[in-house]
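Encoded as structure tokens, the structure appears first; notes follow it.
Computed from heavy atoms alone, side chains included, the values below leave out hydrogens, waters and symmetry copies. To find a chain, count down the sequence lines: A is the first, B the second, and so on, and within it residues start at 1. Because the structure is a prediction, the values reported are computed rather than measured.
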Amino acid sequence: MSQDTLFDKVWDLHKVSSLPGGSDQIFIGLHLIHEVTSPQAFGALKDKNLKVKFPERTVATVDHIVPTDNQSRPFKDNLAEQMIETLEKNCLEHKIRFFNIGSGNQGIVHVVAPELGLTQPGMSIACGDSHTSTHGAFGSIAFGIGTSQVRDVLATQTIAMNKLKVRQIWCDNKLSNGVYAKDLVLHIISKLGVKAGVGFAYEFSGPAIDELSMEERMTICNMSIEGGARCGYINPDEKTFSYIKNKLCAPKNEHWDKALTWWKSLKSNENSIYDDVIKLDASKVEPTVTWGITPGQSISINQQIPLLDDLAPNDKLVAKEAYEYMSFKPGQLIKDTPIDVCFIGSCTNGRISDLRVAAKVLKDKKVSKNVKAFVVPGSEKVATEAKQEGIDQIFKDSGFQWREPGCSMCLAMNSDKLIGNQVSASSSNRNFKGRQGSPSGRTLLMSPAMVAAAAINGKVSDVREFIN
Amino acid sequence: MRSKFTPPIGKISNINGQCISLIGNDIDTDRIIPARFLKCVNFDSLGEYVFEDDRKTLKGKHPFDLEENKNSSILVVNSNFGCGSSREHAPQALIRWGIKAILGESFADIFYSNCIAIGIPCFTLPKNSIEEIQKYCHNQFLFLEIDLKKSLAKSKYLNFNLEIKESSRKMFLSGEWDATATLLANTSLVEKKFKELPYIQFCNDN
């Protein structure tokens with residue numbers, strides 16, 4: 001059993017009681033909600049005649065269903081309009097802070113909370129969304145929950161949960177040029193598999209992680225769930241503190257000094273005990289692309305799609321399904337695979353640094369005429385910043401469509417969808433069958449820089465050929 | 001799909017029913033219920049859309065469309081079932097179709113807690129036992145009697161020990177699997193905890 005890790009410290013701090021059978025009641029310091037997984041929870045509160053216990057500890061925004069072309073109200077899609085209206089009504093009724101479209105702070109919930117300074121070290125954070133693990137980048141422990149648990153957090157500010165084990169993933173050296181946090185996390189998932197993290201929190205540490213910016217760290221923690229881990233975190237350091245400083249909801253004045261002292265005490269001790277430790281060399285990671293239907297099915301840009309014989313027995317069943325669905329032949333190179341759609345955005349890679357990197361690749365270049373390319377900033381703040389830096393213009397000049405903030409084609413709940421069996425190069429997090437809105441659509445996950453390179457060439461390309 | 005859905009309440013100690021086998025590893029919640037069906041403010045209509053895209057692709061040959069499975073209530077799956085999105089819509093769709101319990105090699109964490117929260121016990125069995133059950137289901141009807149007290153599944157021909165988290169097993173047997181009441185009972189402890197947390201003191205009301 002793990003001891004003295006950040007996870008242990010933060011879990012123990014938030015433990016309210018031990019429940020029968022061995023689970024714990026955990027206080028949730030920050031609860032984030034959005035329009036998709038909250039309406040039924042508010043409905044259940046009403047049915048049970050319950051109130052929101054600590055409305056000031058819940059914050060809302062709208063992201064999954066928002067259109068990215070025309071956001072004027074009412075939305076063209078009646079169901080989407082109904083969902084945003086329900087959220088507006090619930091927030092008003094229960095006095096919950098809501099960052100709506102046009103507030104300047106709307107966006108994907110996992111982009112918005114950190115940029116507001118809501119996400120802080122040492123917190124327990126929950127949201128009805130599996131990518132809540134993102135917030136672990138700040139040294140908080142953050143979990144995705146379902147709607148019944150959203151109801152529980154609203155009613156009690158707590159959830160019942162079994163304590164997770166802790167696996168340290170130690171990343172030595174540093175990433176090489178043209179290789180990004182997305183490549184590293186895809187690499188980790190391909191090495192460990194998509195279910196290795198079940199029952200675990202992942203602690204990402206080591207020199208390669210220390211080297212990453214806060215936004216890159218969010219990319220890593222965001223995809224913990226794709227490795228099966230409901231929670232992923234990184235010990236906070238000076239980068240964490242300076243990112244938070246002066247943000248809207250950051251501690252101020254004398255509170256800042258107190259917060260800093262406390263935050264510094266949270267990191268895993270040098271002699272912490274982990275349930276498992278994995279070490280890898282980050283300098284060996286290359287630009288990485290998924291070829292299959294799970295985020296674990298990825299290879300380096302110059303590798304071939306694996307042969308069935310080269311795979312572990314347990315991976316063969318899904319591999320066969322993937323060859324067929326993706327229309328790939330075992331042994332085929334992933335490089336030069338023709339692309340129909342390029343999507344840059346999502347809670348994984350829709351932040352300003354992601355847009356900067358992609359814009360650098362796109363500057364003075366044109367998107368291939370066979371490709372539909374669009375970029376969806378992660379938040380209104382990201383969009384504003386990009387406009388101030390002229391990044392929106394670089395995208396537009398290259399042939400990318402510049403859209404309004406939201407989750408968009410990461411999960412295709414709005415009108416941004418693949419058509420038929422189109423192939424997309426996507427900076428998002430899931431390449432599941434049908435994920436991007438067409439039951440036969442095909443998704444190749446990669447870094448935003450790699451998406452930009454694919455957009456220019458109209459096929460999967462090595463971004464290092466553009467930047468070196 | 002059953003005509004009328006009644007959610008489970010109270011103690012769950014025995015589940016008897018016909019098995020329906022769904023073969024495949026890493027079946028994610030997008031496949032269980034595609035995202036376009038999440039555009040709803042209640043779960044009522046989800047049952048008919050469970051596995052919608054997979055079913056359409058298989059044109060009537062998906063296990064959830066086969067005539068012989070239409071009264072099944074025990075789903076038998078392989079490893080990492082329910083991975084991906086945290087959408088509770090996935091188990092809500094399954095329970096509305098008629099699933100009352102799931103046996104599998106392994107389950108994704110969030111899916112598992114969502115199932116427990118709405119009253120679907122999920123049991124794990126070794127790979128070879130699951131494969132044996134699935135093989136059996138392929139050839140004939142398999143009715144299982146699940147006993148949560150003993151963590152056993154038995155039929156006329158097969159007997160299996162089931163594994164389930166002790167916390168979940170106890171919650172089902174006591175009828176306290178709908179956690180809200182249990183959590184509410186500790187309100188004074190929750191209020192105490194709230195006051196103790198360092199960052200509650202740091203927060204700015206701006």
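Heavy-atom pairs under 4.5 Å with chain A peak, among S174(B), G24(B), S86(B), at S86(B). In terms of heavy-atom pairs under 4.5 Å with chain A, the best-connected choice from A117(B), A179(B), A35(B) is A35(B). Here K193(B) is the residue among K193(B), K170(B), E196(B) with the most heavy-atom pairs under 4.5 Å with chain A. Ranked by heavy-atom pairs under 4.5 Å with chain B, the first of R57(A), Q82(A), E254(A), E35(A) is R57(A). Chain B forms the most heavy-atom pairs under 4.5 Å with one residue out of I293(A), V194(A), D315(A), T86(A), and that residue is V194(A). Of the listed residues (L79(A), I225(A), V198(A)), the greatest number of heavy-atom pairs within a distance under 4.5 Å of chain B belongs to V198(A). Ranked by heavy-atom pairs under 4.5 Å with chain A, the first of T180(B), L183(B), I200(B), L189(B) is L183(B). For chain A, the option among L184(B), D53(B), D28(B) with the highest count of heavy-atom pairs below 4.5 Å is D28(B). Of all the listed residues (Q92(B), R169(B), H89(B)), the one sharing the greatest number of non-hydrogen pairs under 4.5 Å with chain A is H89(B). With chain B as the partner, the residue from N429(A), L19(A), L13(A), N414(A) showing the most heavy-atom pairs under 4.5 Å is L13(A). Interface remark: of the candidates G144(A), G128(A), P20(A), G144(A) forms the most heavy-atom pairs closer than 4.5 Å to chain B.
Only the backbone of I145(A) comes within less than 4.5 Å of a heavy atom of chain B; no side-chain atom from C-beta onward does. Proximity to chain A (any heavy atom under 4.5 Å) is restricted, for N114(B), to the side chain, taken from C-beta onward. In this structure, the portion of K48(A) lying under 4.5 Å from any heavy atom of chain B is its side chain and not its backbone. Within the 4.5 angstrom heavy-atom criterion, only side-chain atoms of P198(B), from C-beta onward, approach chain A. With a 4.5 Å cut-off on non-hydrogen atoms, V318(A) touches chain B through its side chain but not through its backbone. Interface residue S124(A): backbone and side-chain heavy atoms are both found under 4.5 Å from chain B. For S168(B), no part sits under 4.5 Å from any heavy atom of chain A, backbone or side chain. The part of R430(A) that comes within reach of chain B is its side chain, from C-beta onward, which places non-hydrogen atoms under 4.5 angstrom from that chain. When heavy atoms are compared at a cutoff of 4.5 Å, S113(B) approaches chain A solely by way of its side chain, counted from C-beta outward. For F27(A), the part lying near chain B is the side chain, with the backbone staying farther off; criterion is any non-hydrogen pair under 4.5 Å. Looking at K192(B), neither its backbone nor its side chain comes within 4.5 Å of chain A, counting heavy atoms on both sides. Contact of S17(A) with chain B is made through the side chain alone, with heavy-atom distances under 4.5 Å. For F54(A), the part lying under 4.5 angstrom from a heavy atom of chain B is the side chain only. The contact between T294(A) and chain B is made entirely by side chain atoms (from C-beta outward), counting heavy-atom distances below 4.5 Å.
Using a 4.0 Å cut-off between a side-chain N of Lys or Arg and a carboxylate O of Asp or Glu, E48(B) and R96(B) do not qualify as a salt bridge. Taking a cutoff of 4.0 Å between a charged side-chain nitrogen and a carboxylate oxygen, K39(B) and D77(A) qualify as a salt bridge. No salt bridge links K135(B) with E132(B); every basic N to acidic carboxylate O contact stays at or beyond 4.0 Å. Between R87(B) and D30(B) there is a salt bridge, since a side-chain N of the basic residue sits under 4.0 Å from a carboxylate O of the acidic one. We find that R31(B) and E321(A) are joined by a salt bridge, their nearest charged nitrogen and carboxylate oxygen being less than 4.0 Å apart. Under the 4.0 Å criterion applied to side-chain N and carboxylate O atoms, E131(B) and K127(B) are assigned as salt-bridge partners. Salt bridge present: E52(B) and K56(B) bring a charged side-chain N and a carboxylate O closer than 4.0 Å. Between D178(B) and R151(A), at least one side-chain nitrogen of the basic residue sits less than 4.0 Å from a carboxylate oxygen of the acidic one, meeting the salt-bridge criterion.
Checked by atom type, the side-chain pair N162(A)/S23(A) shows no donor-acceptor distance below 3.5 Å. A donor-acceptor contact under 3.5 angstrom links the side chains of D26(B) and N80(B), judged on distance only. A donor and an acceptor atom, one from each side chain of N78(B) and Q134(B), are located under 3.5 Å apart.
Ring centroids of H14(A) and Y199(B) are separated by less than 6.0 Å, placing the two rings close together.
For the residue pair P121(B) and I116(B), the shortest heavy atom distance occurs at CA-CD1, 4.4 Å.
Taking the six-membered ring for Trp and thresholds of 30 and 60 degrees, F111(B) and F107(B) have nearly parallel ring planes, at less than 30 degrees apart.
Counting heavy atoms from C-beta on, the side chains of P251(A) and Q120(A) come closer than 4.5 Å.
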